[in-house]
Undergrad: 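Right, I'll just put the structure down here and ask away after.
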Amino acid sequence: MNARPSRSGDPRKRAQQRAAERRVAVTVLNGFRGSGKTTLMESLLTQAWKRRPRLRPAVIVNDMSTLDVDGLVVEETEVVGHAQGNFASISGGSIHSAEADAVRGDS
């Protein structure tokens with residue numbers, strides 16, 4: 001007789017549990033120029049890192065201007081940066097136009 005591992009419980013609940021384990025929390029910060037988005041992001045990143053040092057946040061800065069001030073400020077934090085592989089900045093456009101350029105091969 002073949003022994004099969006017992007699977008107790010509802011398969012839908014097991015699927016939901018597996019999906020919950022793969023979830024990635026995403027926070028979107030937006031607002032008018034000078035409203036404090038970058039300051040808030042720096043504070044949130046630093047607080048989260050101090051409370052949970054094993055936390056691995058990643059940041060994508062989507063700056064519409066060609067001078068990427070927000071990206072430069074955020075990249076200099078001790079939590080995220082190009083060297084850690086958890087920081088990307090898109091300046092002079094939007095994430096949507098960068099995606100379209102990549103699809104067209106213009107990047």
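Just so it is clear, the values below take in all heavy atoms, side chains as well, and ignore hydrogens, waters and symmetry mates.
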Undergrad: Spell out, yes or no, whether Ile90 and Val61 are grouped together once hydrophobic residues are joined by side-chain heavy atoms under 4.5 Å, including indirect joins.
TA: no
Undergrad: When you check the side-chain N and O atoms of Ser43 and Gln47, is any donor under 3.5 Å from an acceptor?
TA: yes
Undergrad: Any chain of hydrophobic side-chain contacts (each under 4.5 Å) joining Ile60 to Leu40?
TA: no
Undergrad: Could you pull out the closest heavy-atom pair between Gln84 and Arg56, with the gap in Å?
TA: O-NH2, 4.3 Å
Undergrad: Please answer whether the main-chain N or O of Leu29 pairs with a side-chain N or O of Lys37 as donor and acceptor at a distance below 3.5 Å.
TA: no
Undergrad: So, for Val79 and Asn86, which heavy atoms are closest and what is the spacing to 0.1 Å?
TA: O-ND2, 3.3 Å
Undergrad: Mind listing the closest non-hydrogen atom pair of Ser89 and Gly71 along with its distance?
TA: OG-CA, 4.2 Å
Undergrad: So which heavy atom on Val80 is nearest to which on Val59, and how close?
TA: CG1-CG2, 3.9 Å
